[in-house]
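Everything on this sheet refers to the single structure shown next.
Quick note: residue numbers are just sequence positions, from 1.
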Amino acid sequence: MSSPSDTVAMLSRLEPVCRLSASGIREIAGACSRSRMPRGASVVPERPGESVYLVKGELLVSLPDGSSEVVVGGADAALQPLFNRACGFVAARAITDIELLGIDDDVLDVLLTWDQMSVPATGEPRAKAADWRTLSGIYAAQHLTRGIFAALPPANIEALLSRFERVAVRRGDIVLRQGEPGEHYYVIERGRAEVTRVVGGAKVTLAGLRSGEGFGEEALLAEAPRNATVTMRSDGVLLRLGTEDFAALLREPLLHRVGFADAQARAASGAVWVDVRFPVEFHLDRVPGAINLPLNEIRNALAALDPAKEYIAYCQSGRRSSVAAFLMSRHGLRASLLDGGLRRWVRERANVDPEP
């Protein structure tokens, strides 16, 4: 079995993987697959969503014009994806025992994008220029390929990296306090934190947070005081984003608003209505077929939602559902919110013009 260092060494020779930084190549090494096939085996010409490389052995590949050629693992043509569309291979057969290496195209593309966008600009003062590839908690395939950074339009990456402020924190530091106004959104670059809320005079632990996870969006989206306290449970580093930058670079790109007619059409095609109000509100009036996931419980429910489905969040006015849709999008789910909320939905069902 190949060691991690052997895999990194092999990846460092492959195109375009070799264009990644050393940390990027290590991330790919942890996400790629390796498989062996015996002499005489046929190799499927294409694996959707995956780039395949011949790293050991020899393949006889057939071309559309009827000719054939031998590809040797780890050399020349094998340093490119084996079934590059430009090559047009139609069939391949192993003429020795072979070993293939597969890389998820989405993971590779995300890492290449972040790698290229994260290099400090030439001449930029080092006090402001951060090589984000060195940030262990953020520059990781699991964080860049799902959740808030995966959902972010690539055009926003450079601006986001330049606006984040790094803040060192100590174990026991209170980052957010329940009841205070919201001024920043945070992402944990390194460290652990705990989310608590005082309910009826008793402190209740709501969640634990770790590297790559964000918090503080509820108050910014709902324009309301902080509804929980976040305390550091270890020393660490936070990435902090101001209200205006949060709105322009994260809120707007991640919040997908849909009107009544569009929402109905999506639901007819399989989208799931998600009512984020309290159960008592849900039972009083709701969209037919909706499921009830109150906003205060939605963080814990995200892992149970089907990533293959589309979700349309709604509440009474659109305020709570904007938070829910943001959280779902940040988690990597396809989520929209009903623009204007249930009030507008009821008015439009009754063919009443919306209030000015």
Side-chain angles (χ1 to χ4, degrees), residues 146-148 151 175-180 182 185-188 192-210 212-231 233 246 250-251 254-258 263 266-267 271-343 345:
R146 63 173 302 176
I148 189 169
V175 184
L176 305 182
R177 194 182 300 272
Q178 184 176 346
E180 292 184 346
Y185 173 72
Y186 295 87
V187 176
I188 301 178
R192 295 178 293 106
E194 180 182 65
V195 184
T196 60
R197 180 181 298 152
V198 175
V199 181
K203 186 169 76 169
V204 178
T205 298
L206 302 179
L209 301 173
R210 55 189 177 185
E213 295 188 293
F215 60 91
E217 66 284 325
E218 288 95 334
L220 301 184
L221 290 166
E223 299 178 356
R226 300 291 190 190
N227 62 4
T229 296
V230 176
T231 306
R233 287 300 172 222
F246 171 80
L250 290 179
R251 185 189 69 194
L254 292 181
L255 278 185
H256 306 292
R257 297 174 176 84
V258 294
R266 294 184 185 211
V272 179
W273 288 103
V274 180
D275 190 316
V276 301
R277 300 173 300 164
F278 288 110
V280 65
E281 298 174 279
F282 174 72
H283 291 300
L284 183 63
D285 63 336
R286 60 183 181 271
V287 176
I291 62 173
N292 186 210
L293 285 179
L295 180 59
N296 63 328
E297 299 175 9
I298 203 161
R299 282 182 184 271
N300 294 328
L302 290 174
L305 296 178
D306 186 350
K309 292 184 178 295
E310 179 182 3
Y311 297 91
I312 304 172
Y314 73 89
C315 63
Q316 203 67 20
S317 66
R319 181 169 278 116
R320 280 177 284 176
S321 55
S322 68
V323 178
F326 182 89
L327 291 172
M328 287 191 282
S329 294
R330 193 183 70 181
H331 191 70
L333 298 167
R334 290 187 298 148
S336 305
L337 70 142
L338 182 62
D339 195 18
L342 193 60
R343 290 173 187 162
W345 184 82

Could you tell me if the side chain of [Y] sits less than 4.5 Å from the side chain of [X], heavy atoms only?
X: Leu305; Y: Leu293; answer: yes
X: Ser321; Y: Leu338; answer: no
X: Val230; Y: Tyr186; answer: no

I need the [X] [atom1] to [Y] [atom2] distance, nearest 0.5 Å.
X: Leu327; Y: Ile298; atom1: CG; atom2: CD1; value: 6.5 Å
X: Glu310; Y: Met328; atom1: CD; atom2: CE; value: 10.5 Å
X: Leu333; Y: Lys309; atom1: CG; atom2: NZ; value: 12.0 Å
X: Ile188; Y: Phe215; atom1: CD1; atom2: CZ; value: 5.5 Å
X: Leu295; Y: Glu218; atom1: CG; atom2: CD; value: 6.5 Å
X: Leu250; Y: Ser329; atom1: CG; atom2: OG; value: 11.5 Å

Looking only at heavy atoms, which two atoms of [X] and [Y] are closest? And how far apart?
X: Pro294; Y: Pro279; answer: CG-CD, 4.0 Å
X: Ala290; Y: Phe282; answer: O-CZ, 3.5 Å
X: Ala271; Y: Ile312; answer: CB-CD1, 4.0 Å
X: Ala335; Y: Ala325; answer: CB-O, 4.0 Å
X: Ala219; Y: Gly182; answer: CB-CA, 4.0 Å
X: Ala263; Y: Val258; answer: CB-CG2, 3.9 Å

Mind checking whether Tyr185 and Phe326 have parallel, tilted or perpendicular rings, split at 30° and 60°?
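Ring orientation, 0 to 90° scale: perpendicular.
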For [X], which residues count as a salt bridge (Lys or Arg N to Asp or Glu O under 4.0 Å) partner, sequence neighbours excluded?
X: Arg257; result: Glu252
X: Glu297; result: none
X: Arg334; result: none

When you measure from the side chain of Thr229 to the backbone N and O of Gln178, does any donor-acceptor pair fall under 3.5 Å?
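Yes; judged by distance alone, with no hydrogens or angles, the pair exists.
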So, using side chain to side chain donor-acceptor pair (under 3.5 Å) as the criterion, who are the partners of [X] when residues are at least two apart?
X: Glu217; value: Arg299, Arg330
X: Arg226; value: none
X: Ser336; value: Arg266
X: Arg277; value: Asp275, Asp285, Gln316

Among Val276, Asn296, Leu337, which residue meets the side-chain contact (heavy atoms from CB on, under 4.5 Å) test with Arg320?
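Among the candidates, only Val276 passes.
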What residues form a ring pair (Phe, Tyr, Trp, His ring centres under 6.0 Å) with Tyr311, not counting sequence neighbours?
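Partners of Tyr311 under the ring pair (Phe, Tyr, Trp, His ring centres under 6.0 Å) test: none.
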Show me, pair by pair, the donor-acceptor contacts under 3.5 angstrom made by side chains of residues 193-208, not counting sequence neighbours?
{"unit_1": "Glu194", "atom_1": "OE1", "unit_2": "Arg233", "atom_2": "NE", "d": "3.3"}
{"unit_1": "Glu194", "atom_1": "OE1", "unit_2": "Arg233", "atom_2": "NH2", "d": "2.7"}
{"unit_1": "Arg197", "atom_1": "NE", "unit_2": "Asn227", "atom_2": "O", "d": "2.7"}

